[in-house]
Asks: 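Here it is: the structure, laid out below.
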Amino acid sequence: MTGKLRRQRANATATRPGYPTTRRVRFALGEDRVYDKYFVNDDIVFSHFVAGLSGSFPPGEESFIRSVRRFSDRLADTALQRRVAGFIGQESTHGQQHRQINEKLIEMGYPIGWWDSKSFKERFIRFEQRLPGRVHLAMTAASEHYTAILAERILGRAEVQEIPGEPEIWNLLNWHALEELEHKSVAFDVYRAVGGSERTRIAVMWAMIALTFPITLTSLAVSLARDPVARRQPLRLAREARALFGGPLFSGLMYDLAKYLKPGFHPDDIDTQRLLQEWQQELFGPQGVLVDHLK
């Protein structure tokens, strides 16, 4: 893509209508609630996967916010500035709510506390500071593609919605997924607005695809190895792992992630507007499931 075409594309996408809404929500995830240890359909592997994902969200989203804030004073487009404010508000609220459920998950025996430890966060911040700002921002834009793809699968696939689980945890995941779709292009548009190149964007995604799956599988294996119930049932773990990674959440995932590698790609090329509208009504419409969760 030429520089002129890239600038035209950035200007067009920066002014797309709609701004992420910061919803102040509160989920009933406190100490007075009792959860089954394997809260996703009594599935050990799936439950450990969701717990690990939840553990990673607060520090991950704080990193996303820092990457965007590094460039917020360089944005001339007021519409993009407003979208960035909404993005920061949503990501900050996600971290707060996931910390609440993470405390409960740690009490239940899930080894996820290291994600939010002071030492890990300090090391990660030092790592960020060594990166060029646009590379850090490109990492955020790529990560937002990951979360948008997972969010689309969570909200758009009946097989996922039909998986039995703790209702309030599912409410939290559905709310989080909705807002990930609402702000899926913000970091990407900031990256383009500050002159991020296609070459760097694509190279960063190649590196993340190469690293993410080994890291995910290793952290899941370590989590399962620390669970005495899981250690005693290797055949069950094998069956559940096959069902998880061959099921609706992961089936075809690489194909969807690889769309990001196409030169000229934009997150809004994947049309999720109808899905967004359906779930905005489902969760926050007049009879919305989560209307009573708003503060």
Asks: Using 4.0 Å as the upper bound for N to carboxylate O, is an ion pair formed by E62 and R99?
Replies: yes
Asks: Mind checking whether Y146 and M205 have side chains closer than 4.5 Å, heavy atoms only?
Replies: yes
Asks: Can you list the steps and then say if E144 with H183 is a side-chain hydrogen bond (donor to acceptor under 3.5 Å, both in side chains)?
Replies: CA-CA 9 Å; E144 289 293 305; H183 69 233; 3.1 Å; yes
Asks: More than 12 non-hydrogen atoms from neighbouring residues, nucleotides or ligands closer than 6.0 Å to CZ on R226, yes or no?
Replies: no
Asks: May I ask you to say whether R192 pairs ionically with E198, meaning some side-chain N is under 4.0 Å from a carboxylate O?
Replies: yes
Asks: Should D42 and K37 count as an ion pair when the cut-off is N to O under 4.0 Å?
Replies: no
Asks: Side-chain contact, heavy-atom cut-off 4.5 Å: L53 with T216?
Replies: no
Asks: Hydrophobic clustering (ILVMFWY, side-chain heavy atoms < 4.5 Å, transitive) - are I125 and I88 grouped together?
Replies: no
Asks: Establish, yes or no, whether the cationic atom of R201 lies under 6.0 Å from the six-membered ring centre of Y260 and within 45° of the ring axis.
Replies: yes
Asks: Between R236 and E240 (salt bridge meaning N to carboxylate O under 4.0 Å), is one present in this structure?
Replies: yes
Asks: Test your reading of the model: is there a side-chain donor-acceptor pair from R26 to the backbone of H293, 3.5 Å cut-off?
Replies: no
Asks: Using 4.0 Å as the upper bound for N to carboxylate O, is an ion pair formed by K259 and D269?
Replies: no
Asks: Does some side-chain heavy atom of E159 sit less than 4.5 Å from a side-chain heavy atom of L249?
Replies: no
Asks: Under the criterion side chain to side chain contact (heavy atoms under 4.5 Å, CB included), which of H136, R134, M139, R199 is the partner of V204?
Replies: M139
Asks: So, do F245 and F213 have ring centers that fall under 6.0 Å from each other?
Replies: no
Asks: Does any non-hydrogen side-chain atom of F27 lie less than 4.5 Å from one of I101?
Replies: no
Asks: Is the shortest distance from a Lys or Arg side-chain nitrogen in E182 or R23 to a carboxylate oxygen in the other one below 4.0 Å?
Replies: yes
Asks: Same cluster or not: I215 versus L224, using hydrophobic residues (I, L, V, M, F, W, Y) connected whenever any side-chain heavy atoms lie under 4.5 Å apart?
Replies: no
Asks: Below 6.0 angstrom between ring centroids: does that apply to H94 and W175?
Replies: yes
Asks: Side chains of F87 and V190: closer than 4.5 Å at any heavy-atom pair?
Replies: no
Asks: Would you find a donor on one side and an acceptor on the other, under 3.5 Å apart, between the side chain of D77 and the backbone of A79?
Replies: yes
Asks: Look only at the side chain of W279 and the backbone of L155, and say whether a donor-acceptor pair between them is shorter than 3.5 Å.
Replies: yes
Asks: Taking a hydrophobic cluster as the set of Ile, Leu, Val, Met, Phe, Trp and Tyr residues connected by side-chain heavy atoms closer than 4.5 Å, whether directly or through intermediates, do L217 and I209 fall within one such cluster?
Replies: yes
Asks: Taking side-chain hydrogen bond (donor to acceptor under 3.5 Å, both in side chains) as the criterion, tell me which of E152, E180, K184 meets it with T272.
Replies: K184
Asks: Is there a path of hydrophobic side-chain contacts, each under 4.5 Å between heavy atoms of I, L, V, M, F, W or Y residues, that connects V50 with W114?
Replies: yes
Asks: Given the side-chain rings of F188 and H145, with only the six-membered ring counted for Trp, is the space between their centroids under 6.0 Å?
Replies: no
Asks: Please check if Y255 and F265 belong to a single hydrophobic cluster, counting links between Ile, Leu, Val, Met, Phe, Trp and Tyr side chain heavy atoms closer than 4.5 Å.
Replies: no
Asks: Does some side-chain heavy atom of V289 sit less than 4.5 Å from a side-chain heavy atom of E282?
Replies: yes
